[in-house]
Amino acid sequence: MADYVTTIDAMSATLGYGDINEYHADPEAIQGLKLLVWILKNDKADHEYRRYIGEKQLVQTDLIPSLVHGFQKPEIADVLLRLLVNLTFSTELLYKGSYPKDASEQKKVLQLMEIAEQYKEAFAVKAVWSMLGEKMQQILRIDFSERSEAQSVTVERILILTRNVLQVPANVEREQQLDDDASLHDRLLWSLHQTCTIDTVLYVLGSPLEQQYFMHSLEIMSLVYREQQPAALADATLQRRTAEKKEDEMKLIQALHPATKTTKQLPAARHSRFRGTYTFGNLKSVSDNDYISHQSLNKIMNADLGIDKQRIKKSFRQMKQPDEVERKSILSVRMCLREYCVEVLCLFNNIVKQARRYLSQFENTGSEFHDDTYLLWAVRFFMEFNRHNGLNIELVSEALSMTTFHWIITRIEGYSDLIVTDKTRKRVWSKRLHNAIQTYDEMISNLRALSGRSDPDAKELLAVLQHNIFYAVEYRETVIQLLCNFNETYQTRSFLRVVIEVANRFFSLLEKFCNGTIRVQERAKAKRQPNRRTAATASDAPHKTQEDLEDEWLTMAPKVAAILPHIQDSPESLPTPFDAASSVPIDEQRGSCMIRIHGLLRDEKYEDAVKLMYAARSVWTTGEHCFGSSQSTPDENLMLLKEIFMANIADGMGLPFDTMADYVTTIDAMSATLGYGDINEYHADPEAIQGLKLLVWILKNDKADHEYRRYIGEKQLVQTDLIPSLVHGFQKPEIADVLLRLLVNLTFPTELLYKGSYPKDGHPTVSSVCFDRKYSKQSDDASEPAAFAKCLQKVSPKESGKYCKSFLRVVIEVANRFFSLLEKFCNGTIRVQERAKAKRQPNRRTAATASDAPHKTQEDLEDEWLTMAPKVAAILPHIQDSPESLPTPFDAASSVPIDEQRGSCMIRIHGLLRDEKYEDAVKLMYAAR
């Protein structure tokens, strides 16, 4: 038993005799087969016995004939299948993906590959697959619950044997077949087709009861369609195409009329020795003059200035381009493969769903196998075939979805990370990354095909996919990251070509999507109005009162009530209630969604308003249920819509809600309605306070680049309206409060706007702090010297002197104006601003102080409250808590923060109650709350 070679010779002589047509097996052949299985199990590292069995052609002479004529016996069939599965095992898997580098060991690898090709040729016989296919069909006809474990193992071994035979790569040099001849792979596929083995594999793919063999069947289908092009299969018909006819005609003409060889021109008999001095008109020498050459004219015309340069050596570590075999099978094979493609498309949605469910079990553990590669191949191949075969969306709906897009992106990101972390196998991961990016390319190609369709289903699907893909950062930046991280040591040029093609298709779709659809992508700068006084704005419309809104609601309520029962709140039919591309978090977009509903109701788009409300209640489920709940009745939904319609959500100026998103246009409208005049005489509009509040709201929702703040500065709104309005309308508390809030916001220091870290694309210059705001001398904040000094450190000394003088002049003038306004504001309005200092009494003993009064007990205070309670109760219903009629509950000029002035406000209320000023006490309490 020590000499296994002698044992193999002895066993091969006792298995039987005959050929594939007639074979007589030995009665004790089963013992020899078991012994061969045991020898292969204890094979050496260089697979000596496996190579010896292949050299003896034991599979061709004994095992395959024994399989054809003795497969009816269960005991022989089981051992035969085990032995054939072991012998046909892939060479790459035998060495676990890493071939030896030694020359002698590489020779053994080549010998094993040659033996595998011989096995594949031996299995390309119809009799073998008819026996195996019939056995598999008999077992699959048995009910799953009644099937034994041995029968299930037999089916699995037949599928693995089929996979092992199909995965042997084609050897064009060994086959030496023409393009129109049937190759070895074609003959094998034809045998599988005639014995209905491929039909059985398709049954396993589509059956929900045979999911244990699902991945084996999917791998077999990927090997069946290896070296095939989906476009060629889609065009495989009995009628030849015009392009194929023209191509064959051109080949025939080239064969009949080969190109004549051009005769080499002999040099002239006499050599011209004339030499002269010439200058190059487009080449400069070291002295900046024309380059002078003392060569002959013939040499100058063929001058090569880089003849003495050393060429850069090519890196020996560069990834070699693998040999990609792409060939057309014969027409009969292509037509049968096309029929199978059509059948697979009918099962495609179920295949994708089952494969993802299987792979999700190993998602957290990390897949060491390449099962996900088969699903990536299936998505790419069959979606390309469907695209060339008419693009039936229903057949690929499971793959053409955001779930599949997300799964592909996660595979791309996972492979990219594994290339960095698992460096020993980075070439393996780069191959899988190449497969994933090819699948992503096919998904983008399907999006481009959908954009050319005119049916509504395709347009709706395209809109959903584009809105989800183009708004997500991962989909936009994946291709760019792949281009930036390309490394030629482990990634091929074909990978780079695919990535560039994907980038081209993706960004062309993105450009087409953005043109005319999303204004945020490229916004044209609003033109300045030539005359603000005559500008026609939406604010010319009269302000609607509460009674007018009630009358409008009474007219629209029956229409809304008639629409409510017919609208379903399913997620597929509802719009997106938030802006996914906005920097504002989704939880904070509740108010903007309510504004959109309000605007749709104003525009009489009741169906869109109801759908948007249903979509909003499915997103914002926590907190205040301002959009209702999913269990709300139609009457409750109608009342919710009424509350939204009657709410004071708009800007109060009658602006149409479709312009609320266009803040630039809104700023232009507000600047025309604030008033007119200059700082000496200014006439404010009665409704100007609403416009000021809207400007404060716009600045609060400004972008990261402060676009609206810069636009207000360019319009010089502070100089033309806000400062004059502050001078002439400061006596009105409501206007003064909003004006101060707006001016404080506009004059906020630039350094604090950027939180001390300026953008990296350029530091803010002095002009960006002091002059680019265009606030002139009337509005620059006097609290910016620190930010200004930091910016001066990055400016030349000559510029620093010029800007420092200008800035100091502005600071001094702003300080004078500010304190004069503050003095005017404080006189007679706020008692805290100017308090008379208490004079010291000459005699402390006789000084009357508040402490001399007797201390009141709790009972005295109770008696006093009983006397004043009816008076306070009579006053309470007649006092309104509107902000315009209430006093300011805090001291704006105090150095104490407003949050810490709560106690002083309570003391003021206490004093007003003691002084029997009940109305003032109630108003101060309303203002404080």
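Note: hydrogens, waters and symmetry copies are ignored here, and every other heavy atom, side chains too, is used. Here the structure is a predicted model, which is why all the values come from computation and not from measurement.
Contact detail for C905 and A928: the closest heavy-atom pair is SG-CB, 3.7 Å. Annotation for L564 and Y614: closest pair CD2-OH, 3.7 Å, computed over non-hydrogen atoms. Looking at every heavy atom in both residues, P565 comes nearest to A562 through CD-O, 3.6 Å. Contact between F890 and R908 at its shortest, heavy atoms only, is N-NH1, 4.4 Å.
K923 pairs with exactly one of I875, L912, I879 by the side chain to side chain contact (heavy atoms under 4.5 Å, CB included) rule, that one being I879.
Interatomic distance, CG of L746 versus CG of L717, reported as 8.0 Å (0.5 Å rounding). A distance of 10.0 Å separates CG of D603 from NE2 of H598, quoted to the nearest 0.5 Å. Atom CG in L695 sits 12.0 Å away from atom CZ in R709 (nearest 0.5 Å). In this structure, CZ on F645 lies 5.5 Å from CZ on R602, to the nearest 0.5 angstrom. Atom CG of L742 and atom CD1 of I712 lie 7.0 Å apart (nearest 0.5 Å).
Between L641 and W553 there is a side-chain heavy-atom pair separated by less than 4.5 Å. L692 has its side chain within reach of L722: a pair of non-hydrogen atoms, C-beta onward, lies under 4.5 Å apart. In this structure the side chain of Y918 reaches within 4.5 angstrom of the side chain of E916, judged on heavy atoms. Side-chain atoms of L601 and M613, non-hydrogen and from C-beta on, never get closer than 4.5 Å to each other.
Surrounding CE of M906 are at most 12 heavy atoms belonging to other residues, nucleotides or ligands under 6.0 Å away.
Side chain of E636 to main chain of T633: a donor-acceptor pair is present (N/O by atom type, distance under 3.5 Å, no hydrogens or angles).
For E714 and R710, the salt-bridge test fails: no basic side-chain N is under 4.0 Å from an acidic carboxylate O.
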**Message:** Determine whether E607 and K559 satisfy the following criterion, side chain to side chain contact (heavy atoms under 4.5 Å, CB included), listing intermediate values before the conclusion.
**Reply:** CA-CA 10 Å; E607 185 175 355; K559 303 177 184 178; over 6 Å; no

